[in-house]
Protein chains: 2
Amino acid sequence: MVAKKDSTEYKILEAAKNVFVAKGMEGARMQEIADEAGINKALLHYYFRSKERLFEAIFSEIIKYAFPKLTKVLHSDSDITSKIEQFVDAYLNILIKHPFIPGFVMKELNRDPSGLFKLVTKFGIDPQPVFKNIKEAMDKGEIVQMDPRHLAINIISMCVFPFAVRPILSFVVFKDDKQALENFYAERAEVIKKFVINAIVVNNEENE
Amino acid sequence: MVAKKDSTEYKILEAAKNVFVAKGMEGARMQEIADEAGINKALLHYYFRSKERLFEAIFSEIIKYAFPKLTKVLHSDSDITSKIEQFVDAYLNILIKHPFIPGFVMKELNRDPSGLFKLVTKFGIDPQPVFKNIKEAMDKGEIVQMDPRHLAINIISMCVFPFAVRPILSFVVFKDDKQALENFYAERAEVIKKFVINAIVVNNEENE
DNA sequence: AAAAAATTTAACCTGATGGTTAAATATTAT
DNA sequence: ATAATATTTAACCATCAGGTTAAATTTTTT
């Protein structure tokens, strides 16, 4: 059940999200979350019982936000290249709006993978149907033959990784020029789609 | 200066690496590092002064190990596609031998980017010459025209990201089948090279 | 052999931190 | 109006954790 805007619970969730995203589960301090929510620290425990549970509430909310938008495009009846393009567009749309997600999720993935495992199981996320769909397209000669898992991880890697390494990317490549970095991110969807299509579609002279 | 094998300092560094990699800078406990090194906790401070400095010693050693192997292949006189292939081979070689590196480095990148910034500056890592080299190859028509930065980040993303998400990749795609995962990683170099060459080399019918 | 330096140790310190509690206050139900 | 429930608060607790210290021991230097 969703907390009403302006309620104490809502304020806690917003503050907790800000602090957990910035500092991580271990680095975040309950007093800092309370300060940012403008409440007494004891209330954090009154509403959420423990730091761990508060964190889980935030983490699952983030995962719950992103996953459906991605799996939805994969269950359409489009041909494989359209699906890939829609998937890339959907993914970049989410990442541009919420660029903190990859760094945050991957930090917590490596700290304690079981949390994400539970959510994956809970949401019934299963890539096998997607791999099967890709395999069928390969067998029909629509795209080149390769292990569908490699194709999937190639696409996801190009989508997510640049956001996950945002700090070092900004520093090394963009010299902390925020606008240039935003422009780079804005171009990613088109670049990835073209790159992938070029890599996998057979005899693709028309689009050269 | 390198610590002699079997010396206390060497034991500390090995133990610290194990614990920092597993738990991260914040999650690691000095007592646990001492226990694993088989020494009194005070010795950690005697040799390294603070937890932060001990961590920095480990972190820079890891970065120092990996970077030269990668930049070396980029400074050869080969044509661009050979360079890309050598780079991918070198990168995957390192990652397969030390699969913990991406998860660890990215976790610390997001916790405190300045540490990595300092190392990048210290080692004089500058991608501009590589971008220039790529651009020249594009202008000559050897590979398709695109922003060199996108090409570079595409390649690095496909190399690194699958290792960075190893826990969830193993869980979701490989059902914790370690051998299957290792096989997948072992195939990555060839898959990435072929994928990239297909994506960027013009009229590449011979290799189909 | 003796002195100096390096290394090691057990015990301790201080601040930080997640969590708890009893009481007060506010809100809701009767 | 009163009772019950929910919310809030200041103060506190107990443990944890990085770091320190004086003294003992070992090793190295003279």
Tell me, yes or no, whether the heavy-atom count around B/K175 atom NZ, taken from other residues, nucleotides or ligands under 6.0 Å, exceeds 12. yes

If we check ring-ring contact (aromatic ring centres under 6.0 Å, His included) with B/F163, which of these qualifies: B/F184, B/Y91, B/Y185? B/Y185

Check whether NZ of the Lys or CZ of the Arg B/K69 lies under 6.0 Å from the centre of the six-membered ring of B/Y65 and within 45 degrees of that ring's axis. yes

Tell me which residues in residues 24-53 of chain A lie within less than 4.0 Å of DNA chain D, going by non-hydrogen atoms. A/N40, A/A42, A/L43, A/Y46, A/Y47

When the distance from CD of B/E9 to P of C/dT7 is rounded to whole Å, what number comes out? 9 Å

Report yes or no: is the cationic atom of A/R111 (NZ for Lys, CZ for Arg) closer than 6.0 Å to the six-membered ring centre of A/F55, at no more than 45° off its axis? yes

Side-chain donor-acceptor pair present, A/D79, A/S82, cut-off under 3.5 Å: yes

Write down the distance between CD1 (B/I12) and P (D/dG19), rounded to a whole number of angstrom. 14 Å

